[in-house]
Every structure is written in C-alpha cells, then in structure tokens.
2 protein chains.
Amino acid sequence: MSEYLDTCLRLARAQAVLVKRFDNQLGRLHGLSFADFVLLQQLGSAPGGRMRRVDLAAAVGLTASGVTRSLGPLERIGLVEREPDPRDARVAYAALTEAGRERLQHAEKAAGQLAASVLGGEEWAPGEVASLAGYLARLGGTGLPGPTA
Amino acid sequence: MSEYLDTCLRLARAQAVLVKRFDNQLGRLHGLSFADFVLLQQLGSAPGGRMRRVDLAAAVGLTASGVTRSLGPLERIGLVEREPDPRDARVAYAALTEAGRERLQHAEKAAGQLAASVLGGEEWAPGEVASLAGYLARLGGTGLPGPTA
DNA sequence: GAAATTTACTTGAGTACTCAATGGTTGTGG
DNA sequence: CCACAACCATTGAGTACTCAAGTAAATTTC
C-alpha cells in the first residue's frame, strides 16, 4: 500500500519538476507557459486550427471557466481568436491565428527538444519511455492530440 | 521526438487527474488538500515531527514563500505550529501538533486506500508499479519521506 | 406554442502557489 | 569591530486555475 502512495507522490513531484522546466524554456524563448502551449497545440491539431471552447476544455482537462481564463491572454496577444458559431449563439470557437500558428511551430520545436533532453538520454533503455507512456495513459494521461494511442 | 513530448504531456495530465482525486477524497473526509497532506506527511516523518521551514520547502519542492502560504491555514486550524529556533532568530520550525498527528494518521489511511485503488488493480502487472516509480524518480519525483529509495 | 430543461460561456471570489522586494539575523573577512 | 555577504522568512502583487452563480440560447416536453 505504501508503495502505491509513494508512486503517487513521485508522480506529483515529477510533474512539478517537468512543468517548471517547460515553463522556463517556453517562457524564455516564446513567452508561453506550458499550459499555453498545451492549448495552442490542441488547437493546432484540430481541423482548421479551431474548435469549440467547450470541446477544447474537455480535450485539455480544464473547466469552461478555465478555458475562458486561459484563452483571454492568448487572445489579447493575438495568438488565438474567438469566432462565433453561425447557427448557435451559445457556442464560441477558439481559432489559432497565423501568428499563433507560427508561435506554436517554434514552441513545438523547443518543447520537442526539451522532451528529448529529458527522456532521450542513455538512462532510458529502449522501450522504457513507451512503457512509461502506457502507465501514464492508464492513469488518465492523454498525450499529444490526434489519433489516440 | 514526438514520443517524448507525448509522454511529457501524459505525465502532466495524469498528475492533474490523480491530484484531483486526492483533493476530492482528502477534502471530503479530512478537510485537507493533497498539498496539505504532503506537507503534513513530510513533517510526520521528520524527527520529533518537526523541521525547519527552509528544509520543509526543499523537501516538498516549494519556495520559502510557498511554505509560508501553505502553512498559514494549517497553523490556523491547529494542525501545525510554528516554533522558534533557540539559537538562530532567522530560523523557524514547523511542528506537527497532536491534532495534526491524528489528522495525518487518518489522511494517510485514506490516501493509501486511494493509491491502492489507483495502482493496485489487476491492470497492473507485478513490477509495473515499481518500474513506474523508478521512471518517475528519474524525472525528479521524490516519494514518501524517509530513507531514499 | 410556452414552460422547463439543458447547454455554453462568463464573472466574482477563492485557492495555491511563484516572483521580487524587503527586513531581520547570523557569519565572515579585513 | 565594522562592513559585507549569506541566510531565513514574510509580504505585495501576480499567475493559473476552480467553484458557484448568473446570463443567454437552444432543445425538449407537454
């Protein structure tokens, strides 16, 4: 039982360490937080670079309120824009702008490199990262947007 | 490269899912957040149930400011108390009170059960949880306080 | 066709931190 | 012995959310 709790604590702590590294790197190079990056990436993978805010919330694990709070700054700096639904006034879309697309591209490169530096070292035997990904999936960890693993 | 980033995203997401479950369970049963629990547990494992606040910060991965912010409410509800250092006025100790010890005991039981329900199911083959713990340690995930794994 | 219900989103208030600045204390070096 | 450096902790302000309440719109039910 103690092993399970230990593992949960490790997960929480490993995440904090990892997200801080992403925040630092993405913040310094691209003015984005990790959370910003996740949102932009989700939009970048959506058809036409756009999706309903309610769907975006579900996709990234935030509440609708959280999506409103998170998209506000991104809209202000022009990386995302809000589009109405032509038929349903309740619905709004979040759409990546051209500037957002470009920023995302650069951020993805930086994030990919950081991820590679974290998980691509010699201390990881072949298959271990895939195993880790599988375990995390089991715990509710969705990964890159797109066809599910 | 994409596999590495995918795994990082999974880690972030899995943690959010996990911590939310702990927050809900511990919050409902014991009026504690997961972060509260982590602090109390760290103190519970320290000699005499007490440690310097600067050391507590390091142990749980918070800044000194974060420890101040987090211990405030716990001090107010009497689970933790602040003690001065007899010789060094710069230093303050955080110490578990008797009420804190009791609350921690109950919370540990609940947390252990939740951890077991998350990681103790049939979908985890023998050794997989230990592997996961090892991978998380590699990523900076410290676990239960006490002798390092 | 209108009332009730559901859906989508925002907003006020709150939580859980970090950052930077600040102040007090102790230790070190000349 | 004093100036400077380092250590410890707090606080104001900020970030990144959630929760609950509220509003508007669409759908469902009778």
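Here is how names work: the chains are called A, B, and so on, in the same order as the sequence lines, proteins then strands, and each is numbered from 1.
In B:E83, the CD atom is crowded: over 12 heavy atoms of neighbouring residues, nucleotides or ligands sit closer than 6.0 Å.
One can place CG of B:D85 at 15 Å from C1' of C:dG27, the figure rounded to the nearest angstrom. When the C1' atom of D:dT18 is taken as reference, atom CZ of B:F34 falls 18 Å away, rounded to whole Å. Atom CD of B:Q15 and atom P of C:dC17 are 11 Å apart (whole Å). Rounded to whole angstrom, the span from the CG atom of A:L39 across to the P atom of D:dA16 amounts to 11 Å. For the pair B:L74 CG and C:dC17 C1', the computed distance is 14 Å after rounding to whole Å. Here the C1' atom of nucleotide D:dT18 and the CG atom of B:D23 are 11 Å apart, to the nearest Å. At whole-Å resolution of the value, CZ in B:R69 and C1' in C:dC17 are 9 Å apart. If you measure from atom CD of A:E83 to atom C1' of C:dA8, you get 17 Å, rounded to the nearest angstrom.
Scanning atom types as modelled, one donor and one acceptor separated by under 3.5 angstrom connect the side chain of A:S65 and the base of C:dT11.
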Which protein N or O atoms sit under 3.5 Å from an N or O of nucleotides 1-3 of chain D?
none

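Distances shorter than 4.0 Å separate none of the side-chain N or O atoms of B:S33 from OP1 or OP2 on C:dT15. A sub-4.0 Å separation between OP1 or OP2 of D:dC17 and a side-chain N or O of A:T63 is absent. Contact check, B:K20 against D:dC19: a side-chain N or O comes under 4.0 Å of OP1 or OP2. For D:dT10, one of the phosphate oxygens OP1 or OP2 lies less than 4.0 angstrom from a side-chain nitrogen or oxygen of B:R53.
Residues A:R138 and B:E123 are not paired through a salt bridge, judged by the lack of any N-O separation under 4.0 Å between the basic side chain and the carboxylate.
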Begin from the C-alpha positions of A:L71 and A:L74 and carry the test side-chain contact (heavy atoms from CB on, under 4.5 Å) through to its verdict. CA-CA 5 Å; A:L71 287 184; A:L74 296 177; 4.3 Å; yes

Please determine whether side-chain contact (heavy atoms from CB on, under 4.5 Å) holds for the pair A:L5 and B:F22, giving the CA-CA distance in whole Å, both sets of side-chain angles, and the decisive distance to 0.1 Å. CA-CA 11 Å; A:L5 186 51; B:F22 274 84; 4.0 Å; yes

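B:A64 comes within 4.0 angstrom of a nucleotide base, judged by non-hydrogen atoms across all strands.
With the nearest nucleotide of DNA chain C identified for both A:V54 and A:N24, A:V54 has the one nearer the 5' end. Ranked by how close their nearest DNA chain D nucleotide is to the 5' end, A:G61 and A:A89 are led by A:G61. Comparing B:Y93 and A:V67 by the nucleotide of DNA chain D that holds the closest heavy atom to each, the one mapping nearer the 5' end is B:Y93.
Taking only side-chain atoms of A:R90, from C-beta outward, the nucleotide of C:dA8, C:dG27, C:dT18 with the closest atom is C:dA8. Which of D:dC17, D:dT11, C:dC17 sits closest to the side chain of B:T68 comes down to D:dT11.
To the nearest 0.5 Å, the span separating CG on B:L104 from CG on B:D36 amounts to 11.5 Å.
Using cut-offs of 30° and 60° on the angle between ring planes, the pair B:Y135 and A:Y135 is parallel.
No donor-acceptor distance shorter than 3.5 angstrom exists from the side chain of A:T97 to the backbone of A:E81, with no hydrogens or angles considered.
In this structure, A:A59 and A:T142 approach most closely via the heavy-atom pair O-OG1, 4.5 Å.
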